[in-house]
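The first residue in the sequence is number 1, and the count goes up from there. First listed ligand is number 1; within each ligand, the first listed atom is number 1.
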Amino acid sequence: MPPDSALPIQDTRTNLVGLSREALKAALVEKGEKPFRAKQVWHWIYHRGATEFAAMTDLSKDLRRTLENHFVVSRPTIAREQTSSDSTRKWLMQFADGQKAEAVFIPDEDRGAVCISSQVGCTLTCRFCHTGTQRLVRNLTPAEIVGQFMVARDSYGEWPTPTDERRLLSNIVMMGMGEPLYNFENVATALKIIMADDGIALGKRRITLSTSGVVPEIHRCGAELGVNLAVSLHAPDDETRSQIMPINKKYPLKELMQACRDYPVASNARRITFEYVMLKDINDTPAHARALIKLVKDIPCKFNLIPFNPWPGTPYECSDEATVESFSAMLRDGGYSAPVRTPRGRDILAACGQLKTDSERLSAKEQRIRAEQEAQIAQKAWAEKEATL
Ligand code: SAH
Ligand code: SF4
């Protein structure tokens, strides 16, 4: 049957973005190129930010043409870009198959962190998290993970790779949608590309991976990547934690704390961050603070208190400001740094736990109706996902 001319022609060329250095070399060699060309191409893609072979001017015209016949250098496309009143910027990124995920840039005075997603949706069902109400659609590929950072750099014109002092996009936090340790291989390939000296060149000390506590993968994360670890702790005892984070039933606190004690690159100079979302009347009493101090004994760590960010249909409220302050003070008195994370980008739903794709702008009445529907959907989604946990 002749092809339907109304259908877009699918690009079958291989995307070079997201291939490990070895895989990139192999791809070029397979097309008859010399292995050393891989170094040049890598430099163009990850140091210069080139998006087409035509720009790679130190390659012969013939070579550029050959490359163009077989390969592409492509990024996710931007389905929507929003900038918050506090300058936080959020991108809804669309991938080749139409799936979407969000990335956020959180600027500080002269630097800032890009928050990157690892999955579309999430298999887990943390009760306070908007992403948790969305089913896992799929893991993101290395190209899609690196691509999010490259799009952010495009957006701020940060190519070629600036020196450390000049970088605005100076840090990465794997704290977007999804659980990065349930997509470890792809996250690892992507982060190794991002860390490579002759490309994006972001050091391992500038990258933080946040996990809900996938104990069996924590050691590998430190040993293979050496990045900073953040753990979504959110409760000091198994009963409370299992109630708000069902993964705790699979990997309870004793195992999680041991994995933290054994984390290969943790030290007093590189502390593990325990993230703690402040939920009114759930985990925010002085007794919780005292229990936390006991729990983390002997672990080089600091706390990061996150005021709960509400989303449509959530059953939770954020603790009062005074409660958060005294909780923070108790941890400080116990010898731990415990700053309260200032929520950023709330007006564009870019704050922690607010990311969810397929969102749309609704009127106040539509929002109320949607909130009720979302609460019901969340209940159902949690029940179904939990059955498989
Ligand atoms: N899946 C990983 C990383 C993504 S979430 C993890 O769970 O660690 C990034 C952080 O935001 C986590 O600490 C998460 O628990 C927290 N978070 C989720 N929902 C939130 C909400 N509604 N308000 C504040 N923080 C939230
Ligand atoms: Fe998934 Fe993290 Fe949200 Fe939990 S907090 S549902 S692990 S994204």
Side-chain angles (χ1 to χ4, degrees), residues 101-104 106 113-137 139-140 145 148 172-184 187 207-215 217-218 221 227-235 240-251 256 259-260 272-280 282-284 302-319 324 340-346 349-357 374 378 381-382 384-386 388-389:
E102 295 185 305
V104 179
I106 308 137
V114 183
C115 176
I116 287 179
S117 293
S118 54
Q119 299 180 310
V120 178
C122 188
T123 42
L124 299 174
T125 53
C126 306
R127 292 283 193 253
F128 44 79
C129 175
H130 204 194
T131 312
T133 65
Q134 197 179 346
R135 281 169 185 282
L136 175 76
V137 179
N139 284 334
L140 292 179
I145 298 168
Q148 292 173 60
I172 286 183
V173 290
M174 294 298 305
M175 292 187 186
M177 297 169 64
E179 168 48 61
L181 294 189
Y182 274 151
N183 185 18
F184 185 76
V187 167
I207 300 175
T208 301
L209 183 146
S210 172
T211 179
S212 57
V214 183
V215 167
E217 303 292 342
I218 288 178
C221 177
V227 296
N228 305 322
L229 182 71
V231 173
S232 296
L233 191 55
H234 305 324
T240 315
R241 194 164 190 270
S242 295
Q243 186 197 328
I244 56 177
M245 299 183 73
I247 191 176
N248 191 67
K249 293 179 202 154
K250 197 162 179 182
Y251 305 118
L256 180 57
C260 291
I272 292 173
T273 302
F274 286 122
E275 295 161 286
Y276 200 91
V277 61
M278 299 300 299
L279 300 170
K280 191 182 178 118
I282 305 280
N283 64 357
D284 62 352
K302 58 189 175 196
F303 289 93
N304 204 325
L305 304 183
I306 317 175
F308 170 64
N309 290 308
W311 38 270
T314 178
Y316 296 109
E317 278 178 64
C318 182
S319 313
V324 177
V340 181
R341 194 186 286 176
T342 316
R344 301 288 300 269
R346 269 185 175 175
L349 282 185
C352 296
Q354 290 184 316
L355 303 186
K356 183 179 177 185
T357 43
E374 290 227 12
W382 286 328
E384 282 173 13
K385 284 208 271 180
E386 242 158 71
T388 62
L389 201 71

Please work out which of [options] has its closest non-hydrogen atom nearest to [atom].
atom	options	result
atom 15 (O) of ligand 1	M278, M245, H234	H234
atom 3 (C) of ligand 1	S118, S210, C318	S210
atom 4 (C) of ligand 1	C129, G176, P180	G176
atom 10 (C) of ligand 1	R127, E275, M175, M177	E275

Counting from 1, what ligand 1 atoms have a heavy atom of [X] closer than 4.0 Å?
X	answer
N309	21 (C), 22 (N), 23 (N), 24 (C)
T211	6 (C), 8 (O)
E179	1 (N), 2 (C)
V277	23 (N), 24 (C), 25 (N)

As an exercise, identify every atom of ligand 2 less than 4.0 angstrom from a heavy atom of [X].
X	answer
G178	8 (S)
L124	6 (S), 7 (S)
S212	7 (S)
C122	1 (Fe), 6 (S), 7 (S), 8 (S)

Under 3.5 Å: donor-acceptor pair, side chain of N283, backbone of H234: yes
Restricting to non-hydrogen atoms, name the atom on [X] and the atom on [Y] that form the minimum distance, rounded to 0.1 Å.
X	Y	result
L256	G213	CD1-CA, 3.7 Å
M177	S117	N-OG, 2.9 Å
F128	I244	CE2-O, 3.7 Å

N, O or S atom of C126 closer to atom 4 (Fe) of ligand 2 than 2.8 Å: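 Of the N, O and S atoms in C126, at least one lies under 2.8 Å from atom 4 (Fe) of ligand 2, which means yes.
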Does even one non-hydrogen atom of [X] get within less than 4.0 Å of ligand 1?
X	value
G213	no
W311	yes
A230	no

Pairwise side-chain contact, [X] with [Y], heavy-atom cut-off 4.5 Å (strictly under):
X	Y	result
L181	L209	yes
R127	T125	yes
P310	Y316	no
T273	V231	no

What I want to know is whether [X] and ligand 1 share at least one N or O pair that is separated by under 3.5 angstrom.
X	result
S232	yes
F128	yes
I306	no

Heavy-atom gap S232 to ligand 2 smaller than 4.0 Å: no
Side chains of E179 and T211, donor plus acceptor under 3.5 Å: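 Looking only at side-chain atoms, T211 and E179 do form a donor-acceptor pair, the distance falling under 3.5 Å.
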Donor on one side chain, acceptor on other, N183 and Q119, under 3.5 Å: no
Side chain to side chain donor-acceptor pair (under 3.5 Å) involving K302 - partner list, sequence neighbours excluded: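 Once residues adjacent in sequence are excluded, K302 has no partner under the side chain to side chain donor-acceptor pair (under 3.5 Å) criterion.
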Presence of N, O or S from C129 under 2.8 Å of atom 3 (Fe) of ligand 2: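 Of the N, O and S atoms in C129, at least one lies under 2.8 Å from atom 3 (Fe) of ligand 2, which means yes.
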N309 CG to C318 SG distance, which is reported to the nearest 0.5 Å: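 With rounding to 0.5 Å, CG (N309) is 7.5 Å from SG (C318).
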From C126 atom SG to N248 atom CG, the distance as rounded to the nearest 0.5 Å: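 Between C126 SG and N248 CG, I get 10.0 Å after rounding to 0.5 Å.
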